[in-house]
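Below is one structure; the comments refer to it alone.
All chains are named by letter (A, B, ...) in the order of the sequence lines, taking the proteins before the strands, and each is independently numbered beginning at 1.
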2 protein chains.
Amino acid sequence: MAQLSDSIEHFIKDLMTEDAHVELRRNELAQHFGCAPSQINYVLATRFSVDHGYIIESRRGGGGYVRIVRMQTRGESNLLNILLNRVGNSVDEETAVAIISNLRERDMVTDSEAALMRAAVSRNALALPISAKDVLRAAVFRNMLVQVFKNIEEGKRHDV
Amino acid sequence: MAQLSDSIEHFIKDLMTEDAHVELRRNELAQHFGCAPSQINYVLATRFSVDHGYIIESRRGGGGYVRIVRMQTRGESNLLNILLNRVGNSVDEETAVAIISNLRERDMVTDSEAALMRAAVSRNALALPISAKDVLRAAVFRNMLVQVFKNIEEGKRHDV
DNA sequence: TTCTATTGACCATCTTTGACTATTATAGCG
DNA sequence: CGCTATAATAGTCAAAGATGGTCAATAGAA
């Protein structure tokens with residue numbers, strides 16, 4: 001069944017056969033397919049999620065865009081999902097630190113990056129008068145994990 | 001998608017590759033880009049703020065000008081204190097992002113590190129059912145700032 | 001029925017413009 | 001020379017324009 005969503009999905013994937021990322025105008029794409037703009041979001045959410053190995057970035061306003069970035073196609077994208085799952089909605093510092101060490105051992109982050117991540121999830125960073133520290137840490141950490149994997153795919157690790 | 005604002009930003013930064021400051025006529029620049037003069041102010045406000053590491057000086061009337069100066073600091077430990085102070089107990093995302101881009105421009109963090117930091121302070125990371133997001137962001141961010149400087153100190157930036 | 005897909009109304013964010021304001025230099029006047 | 005009018009600049013701010021995001025209701029497929 002050539003659903004609209006499927007067509008849009010294939011259209012985008014065709015655009016990505018060369019490059020690991022595309023940038024497009026949500027409204028243009030919607031117009032091209034004669035559908036509501038929010039349909040594009042639906043496709044992105046259901047077919048280009050982190051689980052599927054993609055990351056979406058976007059910007060509103062004049063000159064706005066939606067960028068779709070493909071992450072690993074091999075075992076590691078699976079690793080990201082495992083880690084995100086492990087983290088879930090709440091992690092303690094010990095676990096987070098362990099995961100970071102693991103990423104370092106796999107050489108997926110540099111020493112500096114690992115240190116930065118530890119800084120962000122440390123007790124100290126989250127020493128606030130709120131009780132949900134683990135929840136918070138998980139939210140921050142998840143975001144950073146996704147970022148790490150995106151960097152790897154974009155080949156941005158060996159910069160400067 | 002070279003936005004007008006982006007073009008103007010790059011134009012100005014190109015002018016500054018040599019010198020740490022440029023002086024220009026607002027109206028001339030606006031005419032060069034075929035836009036309203038106030039557009040220039042918009043670019044200055046959004047891309048050349050103090051948090052981005054620039055200072056704007058200007059003068060009206062005949063022979064008026066706009067001068068853009070890249071801030072310089074004596075020694076990095078001093079900068080750390082300035083930034084920690086700036087962050088204080090609460091920062092909004094915009095400011096945090098500006099500071100991160102400032103660190104990047106000074107080549108004090110790599111692209112990956114900057115991206116990690118952005119991930120940690122993003123709205124998304126802190127999308128929690130608590131109201132004190134800015135406070136929280138400040139806490140996380142302060143910790144990362146300290147770490148950045150520590151990384152530099154330890155000479156660990158130029159890692160594989 | 002239940003899961004997936006579509007749409008539309010309403011929201012958030014970023015950019016660009018224009019009308020109005022503020023400041024400074026200079027030419028002309030007394 | 002001192003004052004004033006005018007011209008030449010730049011600044012502010014709010015409105016309009018240009019995008020994209022969310023979510024709940026509805027429709028369609030399995």
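Inspection of the B:Gln39 and B:Ser5 side chains reveals an N or O donor paired with an N or O acceptor under 3.5 Å. Between the side chains of B:His10 and B:Ser7, no donor-acceptor pair is found at a separation under 3.5 Å.
Across all strands shown, B:Gly64 has heavy atoms under 4.0 Å from sugar-phosphate atoms exclusively, and none from any base.
A sub-4.0 Å separation between OP1 or OP2 of D:dG21 and a side-chain N or O of A:Arg60 is absent. Between C:dT16 and B:Gln3, a contact under 4.0 Å exists linking OP1 or OP2 to a side-chain N or O.
Between the P atom of D:dA8 and the CG atom of B:Leu24 lies a distance of 20 Å, rounded to the nearest Å. Spacing between atom CD of B:Glu94 and atom P of C:dC14 amounts to 8 Å, rounded to whole angstrom units. Atoms CD (A:Glu23) and P (D:dT19) sit 13 Å apart, rounded to a whole Å.
Checked by atom type and distance alone, the side chain of B:Ser49 pairs as donor or acceptor with a backbone atom of B:His52 at under 3.5 Å.
With A:Tyr42 as the fixed residue, the side chain to side chain contact (heavy atoms under 4.5 Å, CB included) test singles out one of A:Leu44, A:Ile40, A:Thr46: A:Thr46.
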| task | Let me see the working for B:Glu105 and B:Lys13 under salt bridge (Lys or Arg N to Asp or Glu O under 4.0 Å), right down to the final yes or no. | result | CA-CA 11 Å; B:Glu105 275 188 17; B:Lys13 284 186 175 165; 2.6 Å; yes

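In this structure, of D:dG11, D:dG20, C:dT7, it is D:dG11 that holds the atom nearest to the side chain of B:Arg26.
Taking every heavy atom of residues 36-55 of chain B and every atom of DNA chain D, pairs under 4.0 Å involve B:Ser38, B:Asn41, by number.
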